[in-house]
Amino acid sequence: MLQINIIRENPKEIIDRLAIKNFKAEVLVEKIILLDSKRREVQGKLDNNLAESNSIAKEIGVLFQSGKKEEANTLKARTAELKTITKELSESLQLTEKELNDTLVLLPNLPHPSIPKGKGAEDNLVVLEDGLIPQLAENAVPHWDLAIKYGIIDFETGVKITGAGFPVYKGKGARLQRALINFFLDNAVENGYAETQPPFVVNEDSAYATGQLPDKEGQMYHCGLDNLYLIPTAEVPVTNIYRDMIVRGDTLPLKNTAYSACFRREAGSYGKDVRGLNRLHQFDKVEIVQITHPEKSYNTLEEMKDYVAGLLRKLELPFRIVKLCGGDMSFASAWTYDMEVFSAAQQKWLEVSSVSNFETFQANRLKLRFRDGESKPQLAHTLNGSALALPRIVAALLENNQTAEGIRIPKALIPYTGFELIN
RNA sequence: GGAGAGAUGGCAGAGUGGUCGAAUGCGGCGGUCUCGAAAACCGUUGUUCGUCGUAAGAUGGACCGGGGGUUCGAAUCCCCCUCUCUCCGCCA
């Protein structure tokens, strides 16, 4: 959520910058400015009313104690009038505030000034390509066929026990999952991220604070009986650790990593994009989260980007990094890098990580602030990224490393898997 | 699932319906003392929204889990909700 004072001070700039995200903000901004000034006007009146009521109440108290009942009763008559006005005003204030807030949450985050305008994925900027794209043998097959061939991922049994998008990993497939999770966590810890095990289910407040609610409700699995949501990413519980907090400035940056299963309804997805491991309802991911000082967040973004690139190099996967254009960026992000791995049998780039700086957009809803010395609390910046999401990594590993003897495990991973070959 | 207790400032913990944003202790910050530190002593110590001000600040409002109500006046009384804790039951 954007801060109201920024909108109040530079409405024109807000509109222009949101246009980069192909978002037409004129009407909303106008409405917000109007509601904001109404809010302040009403609040001023209400405050004056309450001030008068308060002072009369005090007078009455004094009069009662000195036994001047009649005078007290005269004053009571006046407070009755004030009371009606106060009630009206505070109802009006509540309504205005709610409407203002409801409108405010509709505005996406401002893209960083360096973000190019663009319609969609085709306008993203490739900032780095790394690794060699393997030349596969004639008879190379996509990962869903390899999964069956080696008996490591069982999609059909997943359908039986749950439904499509919930595969069962078996044998070396399951072992590979566990190896990747440990590999990613160990790397993150070595890089200064504090390992965390958050709940996989969150309450409404948390889902709201990180922006899943109110608008992306349909993307999450909901436990109606307890009104809890299955997390779509560890970002939600991990970032919420810091909800409603004012931290000391010298404790920044706060760095956390967490493994979690992620649950996504993926309503509306269909077709060949969902084949095999490409898009699942439940998947595993290791997430990295940082809370930083506003002045340092863009250095941090680069650092996180490089960190993820390092992981992909260790896995010996060909990848590219794209800087998303305005049109392809998420609602809450100010700057996003996507990391895409080349899956050689599918001949496709698969997104395996997304690293974003949200600046104060999330912190504002989270009420996550820091204080430098004695100064006023100030909103922190939040960043997060996948490091990494497993299914597409597995897809690429299987496809790119297929040989006549079996699937070769990258060197860095062998200590974790305990085997060099899936055969 | 059953029974009970509770929710107050960073923490602990008081608070006959009026002068309570809230005692006290701890912690934090500043100072005195000291070569320095500890101890002791003194002072200070929340968030948020208006208005005025370039600012420092001044001033008014709100906030004692959340929401309603009673009252001239609510941390204090009433109702609803949420959460936490204890005991019993069940159980990884």
Side-chain angles (χ1 to χ4, degrees), chain A residues 1-10 32-104 197 199-209 213 222-229 237 240-252 254 261 291 360 363-380:
Chain A
M1 187 161 73
L2 293 172
Q3 293 163 88
I4 181 69
N5 57 325
I6 294 174
I7 300 174
R8 190 190 298 149
E9 282 156 26
N10 327 287
I32 286 166
I33 301 232
L34 213 69
L35 285 167
D36 176 53
S37 71
K38 184 180 174 193
R39 189 196 107 241
R40 287 185 293 161
E41 188 194 321
V42 174
Q43 167 128 40
K45 285 185 189 166
L46 176 63
D47 285 354
N48 290 338
N49 253 280
L50 287 170
E52 197 181 337
S53 299
N54 286 345
S55 77
I56 292 177
K58 273 181 194 170
E59 274 182 64
I60 291 176
V62 173
L63 290 173
F64 265 125
Q65 273 166 7
S66 52
K68 297 176 184 167
K69 280 200 174 164
E70 279 174 38
E71 288 178 50
N73 284 326
T74 322
L75 282 175
K76 274 194 197 181
R78 220 194 307 165
T79 58
E81 298 167 34
L82 282 171
K83 234 177 153 178
T84 8
I85 303 170
T86 299
K87 193 170 183 194
E88 277 169 29
L89 285 171
S90 69
E91 272 166 11
S92 162
L93 181 65
Q94 261 185 33
L95 272 172
T96 310
E97 273 178 346
K98 182 173 187 319
E99 203 180 343
L100 177 60
N101 196 59
D102 288 352
T103 314
L104 218 42
Q197 271 203 18
F200 291 0
V201 177
V202 295
N203 59 29
E204 250 180 330
D205 286 348
S206 295
Y208 178 83
L213 294 180
H222 182 226
C223 310
L225 217 51
D226 299 294
N227 195 25
L228 297 171
Y229 293 87
N240 268 284
I241 292 173
Y242 303 102
R243 170 152 52 89
D244 289 323
M245 278 177 70
I246 301 175
V247 302
R248 276 179 33 196
D250 57 19
T251 62
L252 299 177
L254 298 163
I291 318 289
T360 59
N364 194 26
R365 276 214 216 177
L366 284 161
K367 298 198 178 64
L368 163 53
R369 290 165 295 169
F370 72 95
R371 191 202 310 270
D372 270 332
E374 295 295 292
S375 66
K376 281 261 153 205
Q378 200 185 333
L379 290 173

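FYI, side chains are in, hydrogens and waters are out, and symmetry mates aren't considered; it's all heavy atoms of this structure.
- For Thr79(A), counting side-chain heavy atoms from C-beta on, the closest listed nucleotide (U48(B), C72(B), G61(B)) is C72(B).
- With hydrogens and angles ignored, no donor-acceptor pair under 3.5 angstrom links the side chain of Asp47(A) to the base of G61(B).
- The pairing partner recorded for G43(B) is C29(B), the criterion being a Watson-Crick or G-U wobble arrangement whose two distances lie under 3.5 angstrom.
- Between Asp372(A) and Ser375(A), the side chains place no donor N or O within less than 3.5 Å of an acceptor N or O (distance only, hydrogens not considered).
- The base-pairing partner of U84(B), taking Watson-Crick or G-U wobble contacts with both distances under 3.5 Å, is A5(B).
- Base pairing analysis places U76(B) opposite nothing; no Watson-Crick or G-U wobble pair with both distances below 3.5 Å involves it.
- The side chain of Pro377(A) sits closest to U48(B) out of G50(B), U48(B), U71(B).
- The side chain of Ile246(A) lies closest to U47(B) when the candidates are C72(B), U47(B), G61(B).
- Remark: Arg248(A) fails to qualify as a cation-pi partner of Phe370(A) under the 6.0 Å distance and 45° angle criteria applied to the six-membered ring.
- Across G69(B), G61(B), G73(B), the shortest atom-to-atom separation from the side chain of Lys83(A) is found for G73(B).
- Across U51(B), C49(B), C72(B), the shortest atom-to-atom separation from the side chain of Arg40(A) is found for U51(B).
- Residue Ser53(A) holds its OG atom at 12.5 Å from NZ of Lys58(A), rounded to the nearest 0.5 Å.
- The same atom, C1', is picked in C79(B) and in C26(B); the two are 37 Å apart, to the nearest Å.
- Of the side-chain N and O atoms in Arg371(A), one or more sit less than 4.0 angstrom from OP1 or OP2 of U47(B).
- Atom CD of Gln197(A) has 12 or fewer heavy atoms from other residues, nucleotides or ligands within 6.0 Å.
- The nucleotide whose nearest atom lies closest to any side-chain atom of Gln94(A) is, among U48(B), G50(B), G68(B), G68(B).
- Comparing G15(B) with G6(B), their P atoms sit 12 Å apart, to the nearest whole Å.
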